[in-house]
Amino acid sequence: MYKLLKKEGMAKRGEFETVHGTIQTPVFMNVATVAAIKGGVSTEDLEQIGTQVVLSNTYHLHLRPGDDVIYKMGGLHKFMNCKQPILTDSGGFQVFSLSENRKIREEGVYFRSHIDGHKLFMGPEESMRIQSHIASTIAMAFDECPSARAEHEYVKMSVDRTTRWLVRCKKEMDRLNSLPDTINKNQMLFGINQGAIFDDLRIEHAKRIADMDLDGYAVGGLAVGESHEEMYHVLDVVTEHLPKNKPTYLMGVGTPANILEAVDRGIDFFDCVYPSRNGRHGHLYTKKGHLNLLNAKYELDDRPIEEGCQCPACRRYSRSYIRHLLKSGEMLGMRLCVLHNLYFYNHLTEDIRKALDEGRFKEFKNKTLEGFKEYDTEDSQFKYDIAKGWKKG
RNA sequence: UCCUCAAUAGCUCAGUCGGUAGAGCAUUCGGCUGUUAACCGAAGUGUCGUAGGUUCGAGUCCUACUUGGGGAG
């Protein structure tokens, strides 16, 4: 059940009750595609980071280890020792990201495994069955995520099919939840709005799925090639047509600035690979903007990644040391960076909730966005002198 | 002392029949949005050991020298 606690403009502060605990929204969901947060982050680490929800993936878990294995092991929570709510993406995004290895038909999608090349079929029913086996808290509808550059005609055809798939998803989910051997009989289903960057398709689709009384509504097919302005415009257009008493989820987004802007447009749930993937690549998020720890100017920087940050990396290690670990290809370097970035994202959404509670979200948003610009204009305190090499001051 | 092999980018090495040099790594800088991504992309750098010679033209052929490896004594 979703409870709206407070509203400021379109921005919502809410609570979402699940069988695995209550989620405070807006919330960032931490991506663990193959039942692991890449970079060596364990479920014990989640407490330190301050996470609420974990996200995993139907397609990837189906391929390996197999949803039958997870079912026999008692469901994903038990399997990966996770006590927090878990949302599983349906495999719909792999229709987009693995587009070289699949064919889309009315009945579903024929994939060729990216691991060993074998053929497999996934339609709405298969996706629901796999997610029911996995026994996640929230299942996502099986959809097609078309490219942002797709033409109106194609997107219309695709969205209509995604709607028909949603009807099949709902029917199959209801059936699965009533079976005696189902692990999580309260598994919830979120529908996904599509329509690329076309207002008419987005609105028409939003209205159609809003009538279906689902547990939540996602906006999908964004951050797949369109500009930030186009993305924000779609949110402006779409969120008002989605049910007010249900959570909204902007799939796969985004940068810290994207999240602030999307909360301001009524989004409750987020997920993104940025903090984990970029962490592994040395790209760190801070309140002053992002920094690339691989840059030579941090070689002799004895400050933490972010001053005052209470994450496991910043409490103990310098930029200089973590940079060394990254350059040496050491696991610890990636792990510390991922921990920092996830800590940053989860605490950013915590700060957003606090600001909403206190009715000062607008002010918080503007101030935070302003802060992100600082590193863009910063004159580094570490400068390169051709004769003397890197030097402080 | 002699024989022999080598010497090319910061490092390890390619370089055809003589036509003024490339790769990998390293370095520097980018990119990454429901993860096929500890990934991908771009850039910079050379007295081709030194000095001569042959040639229209030499990293490449010849001579000497220098340095290093291996061998003989």
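Proteins come first, then strands; the chains are lettered A, B, ... in the order of their sequence lines, and each starts at number 1.
- Pair assignment for B:U60: none, as no Watson-Crick or G-U wobble contacts are both less than 3.5 Å.
- Across the protein-nucleic acid pair, A:Met231 atom CE and B:G34 atom C1' stand 13 Å apart, rounded to whole Å.
- Atom pair A:Ile115:CD1 and B:A37:P shows a separation of 9 Å (rounding to whole Å applied).
- Using a 4.0 Å heavy-atom distance criterion, A:Leu294 is classed as a sugar-phosphate-only contact.
- Taking atom P in both B:C48 and B:U20, one finds a spacing of 14 Å when rounded to whole Å.
- Between B:C5 and B:A64, the distance separating the two P atoms is 13 Å to the nearest Å.
- Atom CZ in A:Phe96 sits about 10 Å away from atom C1' in B:G34, given to the nearest Å.
- Within the shown strands, B:U1 is the pairing partner of B:A72 under the Watson-Crick or G-U definition, both distances less than 3.5 Å.
- Residues A:Tyr345 and A:Phe28 place their aromatic rings such that the two centres sit under 6.0 Å apart.
- Spacing between atom CE of A:Met334 and atom P of B:A38 amounts to 8 Å, rounded to whole angstrom units.
- Of the side-chain N and O atoms in A:Gln94, one or more sit less than 4.0 angstrom from OP1 or OP2 of B:U35.
- At the phosphate of B:U33, neither OP1 nor OP2 sits under 4.0 Å from any side-chain N or O atom of A:Thr255.
- No contact: A:Gly39 has no heavy atom under 4.0 Å from any strand.
- Put simply, A:Lys327 has no side-chain N or O that comes within less than 4.0 Å of OP1 or OP2 on B:A26.
- In this structure B:A23 sits in a base pair with B:U12, meeting the Watson-Crick or G-U test at under 3.5 Å.
- Along RNA chain B, the nucleotide nearest A:Gly329 and the nucleotide nearest A:Pro146 are compared for position; the residue whose nucleotide lies closer to the 5' end is A:Pro146.
- Listed candidates were B:G34, B:U35, B:U28. Nearest to the side chain of A:Thr33 is B:U35.
- Using a 4.0 Å heavy-atom distance criterion, A:Asn57 is classed as a sugar-phosphate-only contact.
- Aromatic ring centroids of A:His60 and A:His114 lie under 6.0 Å apart.
- B:A37: no Watson-Crick or G-U partner with both key distances under 3.5 Å is found in any strand.
- Side-chain atoms of A:Glu144 and A:Thr162 form no donor-acceptor pair, as typed in the model, at a separation below 3.5 Å.
- Using cut-offs of 30° and 60° on the angle between ring planes, the pair A:His347 and A:Tyr343 is parallel.
- Using a 4.0 Å heavy-atom cutoff across all strands shown, A:Glu330 reaches no nucleic acid atom at all.
- Atom CD of A:Gln131 and atom C1' of B:G34 are 12 Å apart (whole Å).
- A straight line from CZ of A:Arg280 to C1' of B:C40 spans 13 Å, rounded to a whole angstrom.
- Listed for the A:Lys244 side chain is a donor-acceptor partner under 3.5 Å among the backbone atoms of A:Glu240.
- One interatomic measurement links the two molecules: CZ of A:Phe28 to P of B:U33, which rounds to 13 Å at whole-angstrom precision.
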Distances under 3.5 Å between protein N/O atoms and the N/O atoms of nucleotides 30-32 of chain B, please, pair by pair.
residue : atom : partner  : partner atom : Å
B:G30   : OP2  : A:Asn295 : ND2          : 3.3
B:C32   : O3'  : A:Arg277 : NH1          : 3.4
B:C32   : O2'  : A:Arg277 : NH1          : 3.0
B:C32   : O2   : A:His281 : ND1          : 3.2
B:C32   : N3   : A:Asn278 : OD1          : 3.2
B:C32   : N3   : A:His281 : ND1          : 3.2

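- Going from the C1' atom of B:U55 to that of B:A43 covers 38 Å, rounded to whole Å.
- A distance-only check finds a donor-acceptor pair linking the side chain of A:Trp165 to the backbone of A:Glu106 [under 3.5 Å].
- Between B:A58 and B:C17, the two C1' atoms lie 14 Å apart (nearest whole Å).
- Distance noted for atom P between B:G41 and B:C25: 10 Å (whole Å).
- Distance A:Asn341 CG to B:U35 P: 18 Å, rounded to the nearest Å.
- Pair assignment for B:A42 gives B:U28, based on Watson-Crick or G-U wobble hydrogen-bonding distances that are each under 3.5 Å.
- In terms of modelled atom types and a separation under 3.5 Å, the side chain of A:Glu230 and the main chain of A:Ser227 share a donor-acceptor contact.
- Phosphate contact (OP1/OP2 of B:A37, side-chain N/O of A:Lys38, threshold under 4.0 Å): present.
- Here the separation of B:G59 from B:A14, taken at their C1' atoms, is 12 Å to the nearest Å.
- Look at A:Arg323 and you'll find a side-chain N or O under 4.0 angstrom from OP1 or OP2 of B:U28.
- Here, B:G49 and B:C11 have their P atoms 13 Å apart, quoted to the whole Å.
- Side-chain N or O atoms of A:Glu226 include one that pairs as donor or acceptor with a backbone N or O of A:Ala223 at under 3.5 Å.
- Taking the six-membered ring wherever Trp is involved, the centroid distance between the rings of A:Phe372 and A:Tyr285 does not fall below 6.0 Å.
- The side chain of A:Met331 has B:A38 as its nearest neighbour among B:A38, B:U33, B:U35.
- Under 3.5 Å, the side chain of A:Glu144 and the base of B:G34 form no donor-acceptor pair of N or O atoms.
- Of the inter-residue distances, the one linking A:Cys145 atom SG with A:Ile192 atom CD1 reads 8.5 Å to the nearest 0.5 angstrom.
- Looking at A:His114, its side chain has no donor and acceptor atom pair within 3.5 Å of the base of B:U35.
- Atom C1' of B:G46 sits at a distance of 15 Å from the matching atom of B:A7, rounded to the whole Å.
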